[in-house]
Amino acid sequence: MTKTTTHTITLNNGVRIPWLAFGTGTALYGRNAAEFVRVAIENGITHLDGAQAYANEDTLGAGIKASGKSRSELFIVTKLKSSFPGKTIKQTLEESLNKLGVDYVDLFLIHDPTPARKEGKLKEWWKAMEAVQKEGLVKSIGVSNFTVQDLKEVLDGAEIVPAVNQIELHPYVWKAAEPIVNFNKQHGIVTASYGGQTPVARVQGGPIDEVLERIRERLEKTRGQPVTSGQVLSKWLLQKGAIVVTTTSKSERYMTLRKQERNCIRGFSCSMFSVNER
Ligand SMILES: NC(=O)C1=CN([C@@H]2O[C@H](COP(=O)(O)OP(=O)(O)OC[C@H]3O[C@@H](n4cnc5c(N)ncnc54)[C@H](OP(=O)(O)O)[C@@H]3O)[C@@H](O)[C@H]2O)C=CC1
Ligand SMILES: O=CCc1c[nH]c2ccccc12
């Protein structure tokens, strides 16, 4: 198997997380993700973003198995679903591990603070997250869609600071996201982004199109090779210090994703990143 270069960010517990992740939600939600995941891994992507709510952890697991990659070469994420009546957080995680066919995940996130917030149970949920990390079922724990207020509540009395807060991040939500990104940074929490391609994938014709096009053209000229608006958006995320969780349902875009990582990082010196061979 060929070795690939992976750009990683070091989390607050010393664990290294690959900067680019392949997501199994949105386009792949509830679908058989196996072949998409296998091909993503074949194209050098080692960070796989799943969730209990995506209803496809079993096929994410099948794709991982079919890739032939050893467990230590992959970074597997899953997220706690919003509601799990009659079960404990640990039980839902054990079900995920079973479906994924692994005995630990690299990162386990609380997907959505809303239900716990409503019931005043954010601290209780976080205690249960800390417990599964201590038991070795997950290497790192974190959160998703958490506001500054949610984070403050969890940090008050936490034994383990969340390693990651995965949030929607692109220029159209920057005003709302900036305080969260800053708070994450101040507390050693790595920001992971989703929805980063929104300006090209979902809101074409918006006010930043012109700026994106200007930057794209300039980069294309200086690099002497094609640059896409999507790459410009990923570079924007990189400059904010954010992990990029993206996805595609089209095989022709896999190579672009990998190229996107190389092109985004090349020529951008950032002490946050380390490069390692896998
Ligand atoms: N924590 C959370 O609450 C959430 C997490 N996520 C995670 O993040 C992952 C990615 O989320 P998502 O919001 O889809 O990510 P992106 O914003 O990166 O969007 C990916 C989508 O953009 C399309 N796309 C990519 N490039 C282009 C282009 N140049 N022109 C037009 N369309 C393009 C792809 O379509 P195509 O298939 O045609 O290539 C794909 O469907 C999810 O799979 C999930 O794992 C997502 C949402 C919420
Ligand atoms: O991951 C993105 C979609 C999703 C599924 N469940 C939740 C809960 C809260 C926010 C987003 C999502």
Side-chain angles (χ1 to χ4, degrees), residues 18-31 33 35-37 39-40 43 45 47-57 59-60 63 75-84 92 100 105 107-118 125 142-147 150 162 164-173 177 180 184 190-206 208-209 212-213 216 226-238 242-261 263-264:
W19 171 64
L20 183 71
F22 181 79
T24 56
T26 47
L28 294 176
Y29 176 85
R31 292 176 62 191
E35 186 57 9
F36 296 98
V37 168
V39 177
N43 280 288
I45 296 170
H47 177 171
L48 304 157
D49 184 81
Q52 294 170 349
Y54 299 160
N56 59 8
E57 283 175 305
T59 57
L60 166 56
F75 193 98
I76 305 172
V77 182
T78 196
K79 311 186 196 82
L80 175 69
K81 56 190 163 190
S82 302
S83 154
F84 41 92
T92 75
L100 291 164
V105 286
L107 179 62
F108 187 41
L109 305 177
I110 297 179
H111 203 148
D112 177 12
T114 328
R117 192 198 290 145
K118 273 190 196 146
W125 281 30
V143 296
S144 178
N145 300 302
F146 270 46
T147 63
D150 297 328
V164 167
N165 184 13
Q166 187 184 109
I167 56 169
E168 182 178 5
L169 192 58
H170 49 80
Y172 291 137
V173 293
I180 304 172
N184 288 345
V190 167
T191 300
S193 66
Y194 67 80
Q197 296 295 316
T198 295
V200 291
R202 298 176 194 91
V203 198
Q204 296 98 329
I208 71 153
D209 279 13
L212 269 184
E213 183 53 19
R216 193 198 65 72
V227 171
T228 65
S229 301
Q231 284 171 287
V232 177
L233 286 165
S234 294
K235 187 151 190 114
W236 182 85
L237 291 165
L238 173 64
I243 300 277
V244 170
V245 184
T246 185
T247 195
T248 184
S249 57
K250 295 196 172 69
S251 55
E252 66 271 18
R253 281 217 240 273
Y254 283 102
M255 284 317 286
T256 324
L257 277 183
R258 222 12 231 172
K259 230 166 99 191
Q260 184 166 306
E261 182 190 21
N263 284 343
C264 276

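Only heavy atoms go into these numbers, but all of them, side chains included; no hydrogens, no water, no symmetry mates. Counting convention: from 1, in listed order, for ligands and their atoms alike. Small disclaimer: the values here were computed from a predicted structure and weren't measured.
- Heavy-atom contacts of Tyr194 reach the following atoms of ligand 1: 1 (N), 2 (C), 3 (O), 4 (C), 5 (C), 6 (N), 7 (C), 8 (O), 46 (C), 47 (C), 48 (C) (cutoff under 4.0 Å).
- For Asp150, the salt bridge (charged side-chain N to carboxylate O under 4.0 Å, His left out) partners at least two apart in sequence or on another chain are Arg117.
- Residue Tyr54 approaches ligand 1 through these ligand atoms, each under 4.0 Å from one of its heavy atoms: 4 (C), 5 (C), 6 (N), 7 (C), 44 (C), 45 (O).
- Interface atoms of ligand 1 facing Asp49, defined by a heavy-atom separation under 4.0 Å, are 7 (C), 44 (C), 45 (O).
- Not a single N or O atom of Ala201, backbone or side chain, sits closer than 3.5 Å to an N or O atom of ligand 1.
- Compare Asp112, Val143, Thr247 by their heavy atoms: the one nearest to atom 40 (C) of ligand 1 is in Thr247.
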Write out each pair where an N or O from ligand 2 and one from the protein are under 3.5 Å apart, with the distance.
{"from": "ligand 2", "atom 1": "1 (O)", "to": "Tyr54", "atom 2": "OH", "distance (Å)": "2.5"}
{"from": "ligand 2", "atom 1": "1 (O)", "to": "His111", "atom 2": "NE2", "distance (Å)": "2.7"}

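- Ligand 1 lies out of reach of Phe22, whose nearest heavy atom is not under 4.0 Å from it.
- For atom 31 (C) of ligand 1, the choice among Val200, Thr246, Leu48, Val244 with the nearest heavy atom turns out to be Val200.
- The Thr24 neighbourhood of ligand 1 comprises atoms 43 (O), 45 (O), with distances under 4.0 Å to a heavy atom of that residue.
- If you check each of Arg202, Gln197, Gln204, Gln166 against atom 5 (C) of ligand 1, the one with the closest non-hydrogen atom is Gln166.
- Between Asp112 and Lys79 there is no salt bridge, since no side-chain N of the basic residue sits under 4.0 Å from a carboxylate O of the acidic one.
- Annotation for ligand 1: atoms under 4.0 Å from non-hydrogen atoms of Thr198 are 17 (O).
- At least one heavy atom of Asn145 sits less than 4.0 Å from an atom of ligand 1.
- Assignment of Gly230 to the shell around ligand 1 is not supported, since no heavy atom sits closer than 4.0 Å.
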